[in-house]
Amino acid sequence: MNRKKEEKAEVRFAAYVAGLSGVLGHADRIGPLRDYCTGLILPGERKSVEPMAAKTAPARTAAQHQSLLHFVGVASWSDEKVLAKVREMVLPAMERQGPIEAWIIDDTGFPKQGKHSVGVQHQYCGQLGKEANCQVAVSLSIANHSASLPVAYRLYLPKEWAADKARRNKAGVPSDIRFKTKPEIALEQIRWACEAGLPRGVGLMDGAYGTDSRLRTGMTALGVSYVVGIQPKILVWPPGTGPRRKGRPLNNTGRRDEPDLISAKRLARDLPKHAWRTIRWREGSAERLSSRFARVRVRVGHSQLMPELLSQEWLLIEWPEGEAEPTKYWLSTLPSNIGFRQLVDFAKLRWRIERDYLELKQEVGLGHFEGRGWRGFHHHATMCIAAYGFLVSERETIPPSRPRTATLLQTPVLPDGYRPRGSSLAA
């Protein structure tokens, strides 16, 4: 990027920060906001407070360090208001590439040492692919095929933390925060998105969320269609069958002890050869992939008496050539006349959140926060989303030959010999 383009990017960044500043509440927070976002966007191995202070104020690093620490860990500005402003400024740039198509629910883990960081517990960590000591946050992102943007973000607070008054007080957990499962947090975020009037999208979730029948029921009650991953053991009535008693259809039950219920896996393996089709879908902005799929209209078995759950929905199955058995399963409440390829495309669109979370962590430092408190955890995430939102809005100015995360701002000269804590160079 030449100097003239850098100057234009800096002008746009200044305007973006000015927009965010309007919801902070105090004028003395504007400088720290600008510097924090700048530190997150600039290249660097670590995006915790100390190295960002050195980059944004090389001549007064110690004072800058304290200023940024106070801004992110102590100051009482509203995460919700800042995220709403980010959405207001970034959404037009996203929609220039196409309308919002999906609401993607996901969670992301942050490996941690020790036990004092808020919400930390030995639990499944997606970043590591195994159980480990970590924090986990649940998010809702709006997305199309060009970009995604988190619009709601909340730390999952395990039961042990929620019930421990001393640890809650030390970490500054708000008194109104109670234990909720991750699917419960997800449904709360979806309900908020409906009430906030966000551009509607199809709800996309992996099997950790899609298998939860109460979450699926809640989405249907809110009028949100979904394509969600499920486990192969989920029970369904195949086409042409349904809940019956003494030869008559049941109107008030979907219990698991009804006859004709079979697992999604068994149904998939019993399908005739002609049910399977090779479908190509678009993933990302260019690459096209293909695999073998089948889809069937089914009714899902449930353990509770919920008549509305007996309506038909799509069961989508992926069974790649060469695999011994099907590899992925989804349920969908999209219309019965939706095209096969479009159904597959929605199922696969969820994977863009994994790529975008990778960028949030690697390029913007989402996982680099070193504080232990509730407020700091969420403030840092909000600033990362704000910085990422600016990068999303700038992508149309970056030539296709350049990386998606091309440097947009000038990097200040650091003091000689400076090495941030946590850097491999400081070991």
Side-chain angles (χ1 to χ4, degrees), residues 99-107 138-143 151-152 154 180-239 241-243 249-256 258 261 263-264 267 295-317 328-340 342-350 353:
I100 296 303
E101 299 169 275
W103 290 358
I104 306 179
I105 287 289
D106 201 10
D107 59 53
V138 180
S139 68
L140 169 63
S141 297
I142 54 176
V151 294
R154 200 195 113 171
K180 290 185 178 179
T181 65
K182 294 170 193 172
E184 286 172 340
I185 295 173
L187 184 57
E188 189 176 78
Q189 292 176 339
I190 293 169
R191 185 177 293 110
W192 162 82
C194 291
E195 293 171 352
L198 268 62
R200 282 293 179 115
V202 177
L204 308 180
M205 301 177 288
D206 66 14
Y209 292 89
T211 302
D212 191 298
S213 62
R214 288 169 296 185
L215 175 53
R216 300 197 312 271
T217 304
M219 293 173 70
T220 298
L222 291 168
V224 179
S225 298
Y226 59 71
V227 181
V228 299
I230 58 168
Q231 299 299 319
K233 63 183 179 182
I234 198 167
L235 298 177
V236 299
W237 280 283
T241 68
L250 289 178
N251 295 318
N252 65 343
T253 183
R255 297 179 306 209
R256 295 180 181 275
E258 294 294 333
L261 278 171
S263 70
L267 186 154
R295 62 174 182 168
V296 182
R297 298 291 282 173
V298 299
R299 290 181 171 85
V300 182
H302 295 273
S303 59
Q304 299 161 340
L305 302 180
M306 297 181 179
E308 67 272 19
L309 294 182
L310 297 182
S311 58
Q312 285 190 330
E313 51 192 296
W314 285 111
L315 172 63
L316 176 68
I317 311 132
K328 294 184 177 71
Y329 300 78
W330 297 267
L331 284 173
S332 174
T333 53
L334 286 170
S336 60
N337 62 350
I338 189 171
F340 202 160
Q342 189 178 8
L343 180 61
V344 171
D345 192 51
F346 271 117
K348 292 298 184 179
L349 181 56
R350 197 202 72 82
I353 197 68

Approximate separation, where rounding is to 0.5 Å, of Ile142 CD1 and Glu101 CD: 12.0 Å
Separation between CG of Leu140 and CD1 of Ile105, rounded to the nearest 0.5 Å: 4.5 Å
Val228 vs Trp330 side-chain heavy atoms within contact, under 4.5 Å: no
Intermediate values then yes/no, side chain to side chain contact (heavy atoms under 4.5 Å, CB included), Leu187 and Leu222: CA-CA 10 Å; Leu187 184 57; Leu222 291 168; 4.1 Å; yes
Minimum heavy-atom distance Ser332-Leu343, with the two atoms named: OG-CD1, 3.7 Å
Spacing of Ile353 atom CD1 and Asp206 atom CG [to the nearest 0.5 Å]: 11.5 Å
Residue pair Met205 / Asp212, side-chain heavy-atom distance below 4.5 Å: no
Closest contact, heavy atoms only, Ala347 versus Leu316: CB-CD2, 3.8 Å
Smallest separation among heavy atoms of Gly301 and Trp237, with atom names: CA-CZ3, 3.9 Å
Side chain to side chain contact (heavy atoms under 4.5 Å, CB included) evaluation trace for Glu313 with Tyr226: CA-CA 10 Å; Glu313 51 192 296; Tyr226 59 71; 2.8 Å; yes
Residue pair Ile234 / Leu331, side-chain heavy-atom distance below 4.5 Å: yes
Nearest heavy atoms of Trp103 and Ile190, plus distance in Å: CZ3-O, 4.0 Å
Gap separating the CD1 atom of Ile185 from the CG atom of Asp107, nearest 0.5 angstrom: 9.5 Å
Min side-chain heavy-atom separation Pro238-Val296 under 4.5 Å: no
Side-chain (Gln312) to main-chain (Ser336) donor-acceptor, under 3.5 angstrom: no
Heavy-atom side-chain proximity of Val300 to Arg216 below 4.5 angstrom: yes
Heavy-atom closest pair, residues Leu349 and Ala102: CD2-CB, 3.9 Å
Geometric cation-pi criterion, Arg295 with Trp314: 6.0 Å, 45°: yes
Within-4.5 Å side-chain heavy-atom neighbours: Leu261 and Val236: no
Side chain to side chain, Arg191 and Cys194, heavy atoms closer than 4.5 Å: no
Phe346 side, atom CZ; Leu204 side, atom CG - distance, nearest 0.5 Å: 7.5 Å
Step-by-step side chain to side chain contact (heavy atoms under 4.5 Å, CB included) determination, Leu334 to Gln342: CA-CA 10 Å; Leu334 286 170; Gln342 189 178 8; over 6 Å; no
Minimum-distance pair of heavy atoms, taken over all atoms of Arg154 and Gln189: N-NE2, 3.8 Å
Cationic N near anionic O, under 4.0 Å, Asp106 to Arg350: yes
Over 12 foreign heavy atoms within 6.0 Å of NZ, Lys180: no
